[in-house]
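Okay, structure first, notes after.
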There are 2 protein chains.
Amino acid sequence: MLVYFIHKEIRLYERETWSALAEPNRLQIVELLRDGALTVDEIAKRLGLRQPQVSKHLRALSDSGLVEVHPSANRRIYKLLPQPYLELNDWIHSFQTIWEGRLERLDDYLCDFSKKNNS
Amino acid sequence: MLVYFIHKEIRLYERETWSALAEPNRLQIVELLRDGALTVDEIAKRLGLRQPQVSKHLRALSDSGLVEVHPSANRRIYKLLPQPYLELNDWIHSFQTIWEGRLERLDDYLCDFSKKNNS
DNA sequence: AGGGAATATTCCTGTCAAGGAATATTAGGG
DNA sequence: CCCTAATATTCCTTGACAGGAATATTCCCT
């Protein structure tokens with residue numbers, strides 16, 4: 001249970017995850033894939049994007065380990081991989097003390113380092 | 001309790017959150033602030049960054065609603081805001097079916113739309 | 001008021017990534 | 001084996017953004 005608070009232990013997982021999701025179209029793709037695997041064309045159609053850009057975004061998502069592809073005949077079917085979301089979940093939980101408002105009063109701490117700072 | 005699974009309802013919160021955290025130095029700043037509020041100089045010192053860049057990053061984080069500043073004399077003390085982490089947590093949980101492997105078998109679904117696609 | 005510390009801002013430059021358009025690749029079907 | 005659909009890749013241009021350096025600002029203190 002205490003595991004969430006030992007945030008020193010939390011893996012500094014692939015930073016790429018963040019930049020991969022920072023691109024709005026890629027985030028949309030990911031949210032689309034949440035409901036199930038899709039082909040490139042299908043994604044392009046639903047999001048109103050052109051096929052090459054979708055391919056490129058999927059490439060980025062794939063490189064960051066966010067999605068997985070498995071070919072089926074002519075098509076390539078993309079689906080989400082669970083790993084990054086697990087890691088994200090861990091990371092977010094390392095902030096639990098923040099969102100639970102348990103670090104509200106830090107003024108003592110601040111006085112501390114401001115004294116140490118007067119070197 | 002079911003709230004985590006109704007991902008249609010989840011707010012498409014500020015997309016800025018992602019790009020704000022995509023910058024490695026900003027992510028480090030956030031992870032640093034997890035342990036408590038800090039001044040600009042303190043952050044700069046600990047991360048080995050120059051003060052102006054830290055100020056700029058804090059500006060970005062502030063604009064995205066990730067951090068909050070309250071002045072104290074000469075200094076400005078930055079601390080994390082809980083809101084974005086709550087939202088991120090919700091978002092991540094909307095992928096719970098993924099990481100729990102409950103969407104493994106989607107092949108039927110795929111056959112579905114590939115038929116529909118033959119227009 | 002003036003000086004200095006802490007912080008913010010501006011300007012500049014280089015880099016990187018996204019979209020558009022065209023083209024290459026791959027795989028099935030006749 | 002060619003044709004076509006589905007997908008990937010390349011080249012190009014453009015915009016956003018990060019860092020460096022210098023400067024502006026803010027605020028306390030005497």
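Chain letters run A, B, ... following the sequence lines, proteins first and then strands; every chain starts at 1.
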* To do: Measure up the A:Y85 and B:F95 rings against each other and bin them: parallel (under 30°), tilted (30 to 60°), perpendicular (over 60°).
  => parallel
* **Point-to-point distance, once rounded to the nearest 0.5 Å, from CG of B:N25 to NE2 of B:H57** => 4.5 Å
* Structure fact -> Heavy atoms of B:E16 and B:D63 approach each other most closely as OE1-O, 3.7 Å
* **Over all atoms of both residues, closest heavy-atom pair of A:A22 and B:W18** => CA-CB, 3.6 Å
* **A:H93 and B:H93 aromatic ring geometry - parallel, tilted or perpendicular at 30°/60° bounds** => tilted
* To do: Calculate the interatomic distance between A:D63 atom CG and D:dT9 atom C1'; express it in whole Å.
  => 13 Å
* Asked: Atom CD of A:E42 to atom P of D:dA5: distance rounded to whole Å?
  -> 17 Å
* Asked: What is the distance, rounded to the nearest whole Å, between atom CZ of A:R59 and atom P of C:dA18?
  -> 13 Å
* Asked: Separation of B:R76 atom CZ from C:dT9 atom C1', in whole Å?
  -> 12 Å
* Asked: Looking only at atom types and distance, does a side-chain atom of A:R26 sit under 3.5 Å from a main-chain N or O of A:S19, one as donor and one as acceptor?
  -> yes
* To do: Give a yes or no answer on whether the side chain of A:T39 reaches the backbone of A:E42 with a donor-acceptor pair at less than 3.5 Å.
  => yes
* **B/S/- contact track for nucleotides 11-24 of chain D, protein heavy atom under 4.0 Å** => -------SBBBB--
* Side-chain (B:R76) to main-chain (B:V69) donor-acceptor, under 3.5 angstrom -> no
Could you go over nucleotides 28-30 of chain C and give all protein N or O partners under 3.5 Å, atom names and distances?
none

* Separation of A:I77 atom CD1 from D:dA6 atom C1', in whole Å? -> 12 Å
* Atom pair distance, as rounded to whole Å: CG in A:L58 and P in D:dA6 -> 16 Å
